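Okay, structure first, notes after.
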Amino acid sequence: MTAFAADSILVFLETTAAGELAKNSAELLGAAAGVGTPVALVAAPGEHLEAFAAQAAQAGASAVLSAVVESAILTGQLADALQQAYDLVQPHAVLLAHSLTSREVAARFAVRNKLALSVDALGVQRDEQGVIASHSIYGGAFSTTSAPTFGAPVITVRVGSIEARAQGQEPAVTALELAGGTTPDIQVLDLKKAESNSARPELRTATKVVSGGRGLGSTEQFDLVYQLADALGAGVGASRAAVDAGFIEHAAQVGQTGVAVSPQLYVALGISGAIQHKAGMQTAKTIVAINKDGDAPIFEIADFGIVGDVFKVVPQVISALEARKAQ
Ligand SMILES: Cc1cc2nc3c(=O)[nH]c(=O)nc-3n(C[C@H](O)[C@H](O)[C@H](O)COP(=O)(O)OP(=O)(O)OC[C@H]3O[C@@H](n4cnc5c(N)ncnc54)[C@H](O)[C@@H]3O)c2cc1C
């Protein structure tokens, strides 16, 4: 049987039906490599399992555990697979993405094992007692560190927050035979990916995001947000006020009661910067704000700010970007 490193960090990787690991996989393995030896778990229907394992090794997993499950969205089965991997590896910590599926797997797994669950971490470090997680809380007003007093921490990591990447490894794969008790109490009879008629990057994983707020004024005028997003190759987000006004669907809401994003670039157009909005975006690497009110709180966290009318400033920004592309 494969021996696992004493400082193993077990990393649960999500898979897609298209045969690719979720985009955040390299980040998670990068985070794990900073505090120990990354061991990846890929659990999916058999079809692409070999490809997933190869991708995990390429992204830095020193060892890969693979488990056949009926569906990559049945979190009960995924938690079963994680349990088996955990028992085998005895890791110092378990890392998962702070995504819908992984959050559920993390919660099920942590409860079953009475392990501490640290959610929405922006990074992981090691101190003399073990692996600890760092967080930004209360709308970014405080930075905190969480550490369990016993056992391995189960940590969900915010997508986009880790820049480190692990070195590619030769695939060393161990197949897990899932023990009994894994019979699903739900069956997936049909699975269809929601049709997206947009070629824009998905908000949660986009490296650039342009968001619009109430300052856009109307659904028609919100089109300016899409125009700038397309000029930058960015995903589109919004404040709750813009969502409540019906300018865009709720899935685009960034903030405390929406999506938390951590892109390389976040552009806020006509957004005041309420604490609940900041909670979902202030860990972005570079924040640009355009607002006609020079006292708007968004400027307190912006790296670059333009005090001006979005309808005057943004068309000029788009022209400048297009002129640069044409060069
Ligand atoms: C429990 C709770 C949860 C919440 N969750 C969220 C959340 O998840 N996400 C979220 O965003 N909010 C959330 N909110 C709401 C939040 O408090 C704010 O009301 C909201 O973020 C305001 O959105 P806004 O900045 O678009 O609108 P406003 O605060 O009205 O700001 C509009 C801004 O546009 C500027 N502006 C107007 N016209 C122009 C122009 N032509 N050019 C340039 N600038 C212009 C104005 O100067 C102003 O600063 C929550 C609130 C509560 C109580």
Side-chain angles (χ1 to χ4, degrees), residues 98-100 103 119-122 135-142 156 158-161 200-206 208-232 234-263 265-321:
H98 193 67
S99 63
L100 287 176
R103 262 149 46 184
V119 296
D120 200 16
L122 300 178
H135 311 260
S136 168
I137 63 157
Y138 296 135
F142 294 91
T156 66
R158 186 181 297 184
V159 176
S161 60
R200 292 185 189 100
E202 207 266 319
L203 174 62
R204 286 167 200 269
T205 51
K208 298 175 201 162
V209 171
V210 179
S211 284
R214 201 197 313 259
L216 270 298
S218 70
T219 308
E220 292 70 36
Q221 294 183 157
F222 199 85
D223 196 51
L224 193 63
V225 179
Y226 295 112
Q227 289 172 28
L228 180 57
D230 291 345
L232 284 167
V236 171
S239 71
R240 174 159 150 186
V243 170
D244 289 350
F247 301 167
I248 187 167
E249 74 279 357
H250 177 259
Q253 183 174 317
V254 172
Q256 184 182 316
T257 43
V259 176
V261 294
S262 218
L265 173 67
Y266 188 89
V267 184
L269 305 179
I271 292 178
S272 60
I275 190 164
Q276 297 90 353
H277 186 78
K278 288 197 236 168
M281 46 66 74
Q282 76 169 13
T283 55
K285 308 297 174 298
T286 302
I287 297 171
V288 178
I290 305 176
N291 193 306
K292 66 181 183 186
D293 174 8
D295 292 327
I298 192 77
F299 289 124
E300 291 162 12
I301 57 160
D303 298 285
F304 300 96
I306 300 172
V307 179
D309 184 334
V310 286
F311 301 107
K312 294 201 178 119
V313 177
V314 176
Q316 294 177 53
V317 175
I318 294 171
S319 302
L321 286 167

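Since the structure is predicted, the reported quantities are computational estimates derived from the model, not experimental observations. In listed order, ligands and their atoms are each counted from 1.
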Note to self: Return the closest protein heavy atom for atom 44 (N) of ligand 1 as residue, atom name and distance.
What the structure shows: K292 N, 3.1 Å

Next item on the list: Identify the protein heavy atom lying closest to atom 31 (O) of ligand 1, giving its residue, its atom name and the separation to 0.1 Å.
Entry: S272 CB, 3.3 Å

Next item on the list: Under 4.0 Å from a heavy atom of G255: give me the atoms of ligand 1 that qualify, with their elements.
Entry: 7 (C), 8 (O), 9 (N)

Notebook entry, point to check: Can you tell me how far the CD1 atom of I290 sits from the CG atom of L224, to the nearest 0.5 Å?
Noted result: 8.5 Å

Notebook entry, point to check: Which of the atoms of ligand 1 are close to T257, meaning less than 4.0 Å from one of its heavy atoms?
Noted result: 3 (C), 4 (C), 5 (N), 6 (C), 7 (C), 8 (O)

Checklist line | Closest to atom 22 (C) of ligand 1 among A241, A238, G213 (heavy-atom distance) | finding: A241

Next item on the list: Considering heavy atoms of the protein only, find what lies nearest to atom 4 (C) of ligand 1 and give residue, atom and distance to 0.1 Å.
Entry: R240 NH1, 3.2 Å

Check: Of the protein's non-hydrogen atoms, which lies at the shortest distance from atom 24 (P) of ligand 1, and what is that distance?
Finding: S239 OG, 3.5 Å

Note to self: Out of all atoms in ligand 1, which are within 4.0 Å of some heavy atom of G308? Include the element for each.
What the structure shows: 42 (N), 43 (C)

Notebook entry, point to check: For ligand 1, which atoms sit closer than 4.0 Å to a heavy atom of G258?
Noted result: 8 (O)

Note to self: Using a 4.0 Å cutoff against the non-hydrogen atoms of F311, which atoms of ligand 1 qualify?
What the structure shows: 41 (N)

Notebook entry, point to check: With only distance considered, is G270 within less than 3.5 Å of ligand 1 through an N or O on each side?
Noted result: yes

Next item on the list: Check whether any N or O atom of V254, backbone or side chain, sits under 3.5 Å from an N or O atom of ligand 1, and answer yes or no.
Entry: yes

Next item on the list: Report the nearest protein non-hydrogen atom to atom 42 (N) of ligand 1: residue, atom name, distance rounded to 0.1 Å.
Entry: V310 N, 2.9 Å

Notebook entry, point to check: Are any of the protein's heavy atoms under 4.0 angstrom from atom 34 (O) of ligand 1, yes or no?
Noted result: yes

Check: In the protein, what heavy atom is nearest to atom 48 (C) of ligand 1, and what distance, to one decimal place, separates them?
Finding: N291 ND2, 3.7 Å

Item checked: Shortest protein contact, atom 1 (C) of ligand 1 (heavy atom only) -> Q256 NE2, 4.1 Å

